[in-house]
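Down below is the structure, laid out as structure tokens.
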Amino acid sequence: MKLRRSMLFVPGSNAAMISNSFIYQPDAIMFDLEDAVALKEKDSARLLVAHALQHPLYQEIETIVRINPLESEFGLLDLNAVVRAGVDIVRMPKTERAEEVIALDQAMTDIERACGREVGSTKILAAIESALGITQANQIATASPRLIGIALGAEDYVRSLKTERSAEGIELLFARCSLLQAARAAGIQAFDTVYSNANNEAGFLQEAALIKQLGFDGKSLINPRQIELLHNLFAPSQKDVDQANKIIAAAQEAEQQGLGVVSLNGKMIDTPIIERAKLVLQRAQSGIREE
């Protein structure tokens, strides 16, 4: 699967940020036409983002656009503009049912056919932001072959629970685990919510370490300073890489000798451990953790 550790939100109405956000080198740039844009700026933001998507420097990085809900007066206008402009992924906000994903898929198919893009080439990232959405996560995750992943939107979710976010994040644990299980069962990726206090580096790293341990593929970000912190956290250490190389070498040697059992230093190595070693080496291609 494609590496998507960091998805940097960029307000669609902020021309200055749009003009140079590619310099920060996140795994994906996520232009926002929804919550970050005032009602009176919706139309101008859509034009700004559609223009940016066609800029040569944005061809070298994966682009995502969070559109307004399809049922709103802006949703289809957003979708039509960004699909025609060549966006890689459309982030669907406030997803609560599989039927909503299916409707988005069909609308995208119509637009792709009309503008000559390959049908199915535009992908979907479904954001789940409510208690209802979390209960429907399994159905949402399997609703369309366009889906590359599902993402948690915490602010609306905790509001639907009638609570608020805490430093420990205990109120999000059920949602995170439910979303992750649904994504893995469907064979797609899972992405965590933003950490909104950009000045609290220790708090961000604590939350990022938690979601990494749970098994998330990455996290939405609102501040470029968080990118390097997150990438370093997700990167394996040199010790991890050395051990992974030994495991892969032992597995290859056992295969060459026709042995059914792989062992290293007297310990049996089974398939999950070998697969984990392969994942470590894949992540190491993007860098080694600075201790």
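Transitive grouping of hydrophobic side chains (ILVMFWY, heavy atoms separated by less than 4.5 Å) brings Val10 and Leu57 into a common cluster. Ile288 and Leu233 fall into different hydrophobic clusters, where Ile, Leu, Val, Met, Phe, Trp and Tyr are joined by side-chain heavy atoms under 4.5 Å apart, directly or via other members. Hydrophobic clustering (side-chain heavy atoms under 4.5 Å, transitive across Ile, Leu, Val, Met, Phe, Trp, Tyr) groups Leu281 together with Ile274. Under a hydrophobic clustering in which Ile, Leu, Val, Met, Phe, Trp and Tyr are joined whenever their side-chain heavy atoms come within less than 4.5 Å, directly or via other members, Met17 and Leu221 fall into the same cluster. Note: the hydrophobic cluster containing Phe31 does not contain Ile148 (ILVMFWY, side chain heavy atoms under 4.5 Å, direct or indirect links).
Heavy atoms from other residues, nucleotides or ligands lying under 6.0 Å from CD of Gln139 number more than 12. No more than 12 heavy-atom neighbours from other residues, nucleotides or ligands sit within 6.0 angstrom of CD on Gln25. Counting heavy-atom neighbours within 6.0 Å of Ile170 CD1, excluding the residue itself, gives a total of 12 or less. Within a 6.0 Å radius of CD in Gln181, no more than 12 heavy atoms belonging to other residues, nucleotides or ligands are found.
Annotation: side chain of Thr95 is not in contact with side chain of Gln136 (no heavy-atom distance under 4.5 Å). Leu70 is not listed as a side-chain neighbour of Glu100, based on a closest heavy-atom distance of 4.5 Å or more. Asn80 is not listed as a side-chain neighbour of Cys115, based on a closest heavy-atom distance of 4.5 Å or more. Between Ile67 and Pro93 the shortest side-chain heavy-atom distance falls below 4.5 Å. At least one side-chain heavy atom of Ile61 sits under 4.5 Å from a side-chain heavy atom of Pro26. Contact of the Val65 side chain with the Val90 side chain is not registered, since no non-hydrogen atoms from C-beta on lie closer than 4.5 Å. Asp32 is not listed as a side-chain neighbour of Val37, based on a closest heavy-atom distance of 4.5 Å or more. Between Arg97 and Leu132 the shortest side-chain heavy-atom distance falls below 4.5 Å.
Between the side chains of Asp110 and Gln106, at least one donor N or O sits under 3.5 Å from an acceptor N or O.
Separation of atoms CE (Met92) and CE (Met108) is listed at 10.0 Å; rounding is to 0.5 Å. A distance of 4.5 Å separates CD1 of Ile128 from CD1 of Ile150, quoted to the nearest 0.5 Å. Note that CG of Leu152 and CD1 of Ile134 are 5.5 Å apart. Values are rounded to the nearest 0.5 Å. Note that the CG atom of Leu48 and the OG atom of Ser13 stand 8.0 Å from one another [nearest 0.5 Å]. To the nearest 0.5 Å, atoms CD (Glu207) and OG1 (Thr193) are separated by 7.5 Å. Considering CZ of Phe234 and CZ of Arg4, their distance stands at 13.5 Å, rounded to 0.5 Å.
For Ala183 against Ala190, the heavy-atom pair with the smallest separation is CB-CB, 3.8 Å. Of all heavy-atom pairs spanning Arg176 and Gly169, the tightest one is NH1-O, 4.2 Å. Nearest heavy-atom pair across Cys177 and Leu214 is SG-CD2, 4.2 Å. What you find for Ala131 and Leu161 is that their closest heavy atoms are CB-CD2, 4.3 Å. Shown here for Leu147 and Ala141, the closest heavy-atom pair between the two residues is CD1-O, 3.7 Å. Across all non-hydrogen atoms, the minimal contact from Gly12 to Val49 is CA-CG2, 3.7 Å.
Using a distance-only test at 3.5 Å, with no hydrogens or angles considered, no donor-acceptor pair links the side chain of Lys219 to the main chain of Leu230. Side-chain atoms of Ser144 never come within 3.5 Å of backbone atoms of Val101 as a donor-acceptor pair (strictly under, hydrogens ignored). Using modelled atom types, no side-chain atom of Arg113 and backbone atom of Val119 make a donor-acceptor pair closer than 3.5 Å. Distance alone, capped at 3.5 Å, is enough to place a donor-acceptor pair between the Arg184 side chain and the Ile188 backbone. Glu112 contributes no side-chain N or O that, together with a main-chain N or O of Val83, makes up a donor-acceptor pair within less than 3.5 Å. Of the possible donor and acceptor atoms, one in the side chain of Thr142 sits under 3.5 Å from a partner among the backbone N and O of Asn138. Checking side-chain atoms of Glu96 against main-chain N and O of Ser130 turns up no donor-acceptor pair under 3.5 Å. A donor-acceptor pair is defined here as one N or O able to donate and one able to accept, closer than 3.5 Å; no such pair exists between the side chain of Asp217 and the backbone of Phe191. Side chain of Lys42 to backbone of Leu33: a donor-acceptor contact under 3.5 angstrom is found. Not one N or O on the side chain of Arg283 forms a donor-acceptor pair closer than 3.5 Å with the backbone of Ala235.
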I'd like to know whether Gln252 forms a side chain to side chain contact (heavy atoms under 4.5 Å, CB included) with Ile248, so could you lay out the CA-CA distance, the side-chain angles of the two residues, the decisive distance to 0.1 Å, and finally the verdict. CA-CA 6 Å; Gln252 290 172 343; Ile248 298 300; 3.6 Å; yes
Passes side chain to side chain contact (heavy atoms under 4.5 Å, CB included), Ser220 versus Arg66? Steps please. CA-CA 12 Å; Ser220 301; Arg66 177 163 75 170; over 6 Å; no
Residues Gln243, Val280; criterion side chain to side chain contact (heavy atoms under 4.5 Å, CB included); working and verdict: CA-CA 9 Å; Gln243 180 66 11; Val280 167; over 6 Å; no
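With sequence neighbours excluded, the residues forming a salt bridge (charged side-chain N to carboxylate O under 4.0 Å, His left out) with Asp78 are Arg46, listed by chain and number. Taking the side-chain contact (heavy atoms from CB on, under 4.5 Å) definition, one finds that Asp27 meets it with Leu3, Arg5, Ser6, His231, sequence neighbours left out. With sequence neighbours excluded, no residue satisfies salt bridge (charged side-chain N to carboxylate O under 4.0 Å, His left out) with Lys246. Contacts of Phe74 classified as ring-ring contact (aromatic ring centres under 6.0 Å, His included), with partners at least two apart in sequence or in another chain: none. With sequence neighbours excluded, the residues forming a salt bridge (charged side-chain N to carboxylate O under 4.0 Å, His left out) with Lys94 are Glu34, Asp35, Asp156, listed by chain and number.
Applying the ring-ring contact (aromatic ring centres under 6.0 Å, His included) definition to pairs two or more places apart or across chains, those involving residues 6-27 are Phe22-Tyr58.
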